[in-house]
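Before any comments, here is the structure.
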Amino acid sequence: MKKNINTRKIIITIISFIVSIAFLLPFLWMLSTSFKIEADVFKFPIEWIPKRWNGIENYQEVWLGKYPFALYYWNSIKITVITTLISVTVSAMAAYGFSKVNFPAGKFLFIIVLTTFMVPQQSILVPQFILYRYLGLFDSHIGLILLGSFSVLGTFMLRQFFMGIHSDYIDAAKIDGAGHLRIFWSIALPIVRPAIATYGILRFIWTWNDYQNPLIFLRTDGLYTIQLAMQKFTSLNGEFYSLIMAAAVSSILPLIIVFIIGQKQVIEGIALGGVKG
């Protein structure tokens with residue numbers, strides 16, 4: 001019996017390793033290509049480790065060339081960080097309110113909020129566009145930040161974790177004279193910290209990769225995000241794949257850093273989701 005279990009584990013491990021390598025290959029090719037000269041990009045068989053290195057020149061052209069890649073990079077960092085901070089704060093407070101604060105029609109209001117998640121974003125783009133033009137938020141970073149600062153999915157996801165907090169903690173804090181704001185900040189938030197970190201990472205990735213909203217709500221070239229910049233950079237350097245790959249590696253670097261920093265919290269958040277009571 002034990003031999004069968006061990007054999008099964010070995011087979012699953014081998015299959016998982018092969019699948020993970022298959023998923024990593026495109027990234028490894030992109031990284032390798034960013035250090036090659038253009039003549040070696042499509043050489044077959046593939047040179048995973050370039051024999052003729054041109055990485056410094058490629059990355060210098062991306063960051064220090066005529067194209068203002070650094071400006072667009074900074075725009076994305078600013079928008080993504082601010083949007084993530086606001087979205088996590090608003091979603092956490094709303095989730096706590098819907099899960100631990102008893103008020104009239106609370107469940108009904110939560111259903112109304114949850115119903116808005118079923119409305120496709122594309123169907124409200126025109127009303128949003130008209131409203132933003134009227135309020136003067138069109139073609140501005142503030143308007144783009146507001147678009148991603150309120151998340152029904154984030155509220156729903158965090159509410160499930162807040163509901164897992166035992167009511168005895170809340171009642172004990174109330175007996176000691178703590179209000180909901182103190183309970184939220186000092187008791188509830190530390191308990192669901194892994195879930196907060198998990199949603200924060202997801203929100204960061206979604207905002208950083210967002211192409212639709214910047215495309216529609218930004219017009220000034222100096223306000224463009226990295227996603228619009230990549231499209232523009234590709235159109236200008238379409239025949240130089242080594243430069244395009246160097247720009248692509250640069251564009252995903254913040255996502256890798258954020259995930260490496262927060263991966264422990266993500267794992268704890270998944271484990272926390274399986275514990276009730």
Side-chain angles (χ1 to χ4, degrees), residues 16 20 76-119 121 144-210 252-277:
S16 300
S20 64
S76 276
I77 290 176
K78 179 177 69 174
I79 292 172
T80 303
V81 171
I82 296 176
T83 300
T84 300
L85 291 176
I86 296 176
S87 182
V88 168
T89 302
V90 172
S91 296
M93 295 181 72
Y96 174 82
F98 282 123
S99 60
K100 295 301 179 183
V101 179
N102 295 321
F103 58 95
K107 292 184 179 179
F108 176 76
L109 290 176
F110 178 71
I111 292 175
I112 296 297
V113 171
L114 197 59
T115 303
T116 62
F117 184 66
M118 303 176 187
V119 180
Q121 187 181 5
L144 208 57
I145 289 170
L146 290 176
L147 282 174
S149 295
F150 308 97
S151 172
V152 177
L153 180 59
T155 301
F156 173 75
M157 171 182 155
L158 295 179
R159 177 180 176 269
Q160 303 307 113
F161 287 94
F162 277 112
M163 290 180 65
I165 300 176
H166 205 286
S167 298
D168 289 347
Y169 294 114
I170 309 298
D171 295 337
K174 289 180 179 178
I175 293 174
D176 290 338
H180 280 296
L181 185 60
R182 180 65 181 276
I183 295 172
F184 168 76
W185 182 258
S186 301
I187 298 176
L189 209 57
I191 293 176
V192 300
R193 183 179 59 185
I196 297 290
T198 301
Y199 173 65
I201 292 173
L202 293 175
R203 182 76 266 175
F204 188 96
I205 294 173
W206 294 335
T207 306
W208 183 270
N209 289 332
D210 186 20
I252 67 172
L253 190 59
L255 303 181
I256 297 175
I257 294 174
V258 167
F259 183 76
I260 290 175
I261 294 174
Q263 63 175 332
K264 181 180 178 181
Q265 299 293 335
V266 172
I267 295 173
E268 289 181 3
I270 295 173
L272 182 64
V275 178
K276 300 295 182 182

Quiz item: Taking C-beta and beyond as the side chain, do Asp210 and Ile79 meet within less than 4.5 Å on heavy atoms?
Solution: no

Exercise. Not counting sequence neighbours, which residues clear side-chain hydrogen bond (donor to acceptor under 3.5 Å, both in side chains) with Thr89? List them please.
Key: none

Quiz item: Does Thr155 have any side-chain hydrogen bond (donor to acceptor under 3.5 Å, both in side chains) partners at least two apart in sequence or in another chain, and if so, which?
Solution: none

Quiz prompt | Interatomic distance, Leu253 atom CG to Ile257 atom CD1 [nearest 0.5 angstrom] | solution = 4.0 Å

Exercise. Could you list the residues that satisfy side chain to side chain contact (heavy atoms under 4.5 Å, CB included) with Ile82, not counting sequence neighbours?
Key: Lys78, Ile86, Ile145

Quiz prompt | Residues forming a side-chain hydrogen bond (donor to acceptor under 3.5 Å, both in side chains) with Thr83, sequence neighbours excluded | solution = none

Exercise. Please identify each residue that fulfils side chain to side chain contact (heavy atoms under 4.5 Å, CB included) with Val152, with sequence neighbours left out.
Key: Val113, Leu114, Thr116, Phe117

Practice problem: Kindly give the heavy-atom pair with the smallest separation between Ala92 and Leu189, and that separation in Å. | Solution: CB-CD1, 4.4 Å

Exercise. Decide yes or no for Ile201 and Phe204: does some side-chain heavy atom of the first lie under 4.5 Å from some side-chain heavy atom of the second?
Key: no

Quiz item: Do Val192 and Ile165 pass the side chain to side chain contact (heavy atoms under 4.5 Å, CB included) test, and can you show the C-alpha distance, the side-chain angles, and the key distance before you say yes or no?
Solution: CA-CA 8 Å; Val192 300; Ile165 300 176; 3.9 Å; yes

Practice problem: Mind checking ring pair (Phe, Tyr, Trp, His ring centres under 6.0 Å) for Phe156 and listing every partner two or more places apart, or none if nothing turns up? | Solution: none

Quiz item: Tell me the side chain to side chain donor-acceptor pair (under 3.5 Å) pairs involving residues 181-192, sequence neighbours left out?
Solution: Arg182-Ser186

Practice problem: Check Leu153 against Trp206 and note the closest heavy-atom contact, atom names and distance. | Solution: CD2-CH2, 3.6 Å

Quiz item: Around atom CE of Met93, are there more than 12 heavy atoms of other residues, nucleotides or ligands at under 6.0 Å?
Solution: no

Quiz item: What is the minimum heavy-atom distance between Thr84 and Thr80, and which atoms define it?
Solution: OG1-O, 2.7 Å

Quiz prompt | Rounded distance (nearest 0.5 Å) linking atom CD1 of Ile187 with atom CD1 of Ile170 | solution = 6.0 Å

Exercise. Name all residues meeting the side chain to side chain contact (heavy atoms under 4.5 Å, CB included) criterion together with Ser76; count only those two or more places apart in sequence or in a different chain, and write none if there are none.
Key: Trp208, Thr225, Ile226

Self-check item: Pairs where residues 91-112 contributes a residue and the test side chain to side chain donor-acceptor pair (under 3.5 Å) is met, not counting sequence neighbours
Solution: Tyr96-His180

Quiz item: Leu85: what forms a side chain to side chain contact (heavy atoms under 4.5 Å, CB included) with it, not counting sequence neighbours?
Solution: Val81

Quiz prompt | Non-neighbouring partners of Tyr199 that pass side-chain hydrogen bond (donor to acceptor under 3.5 Å, both in side chains), sequence neighbours left out | solution = Ser87, Ser151

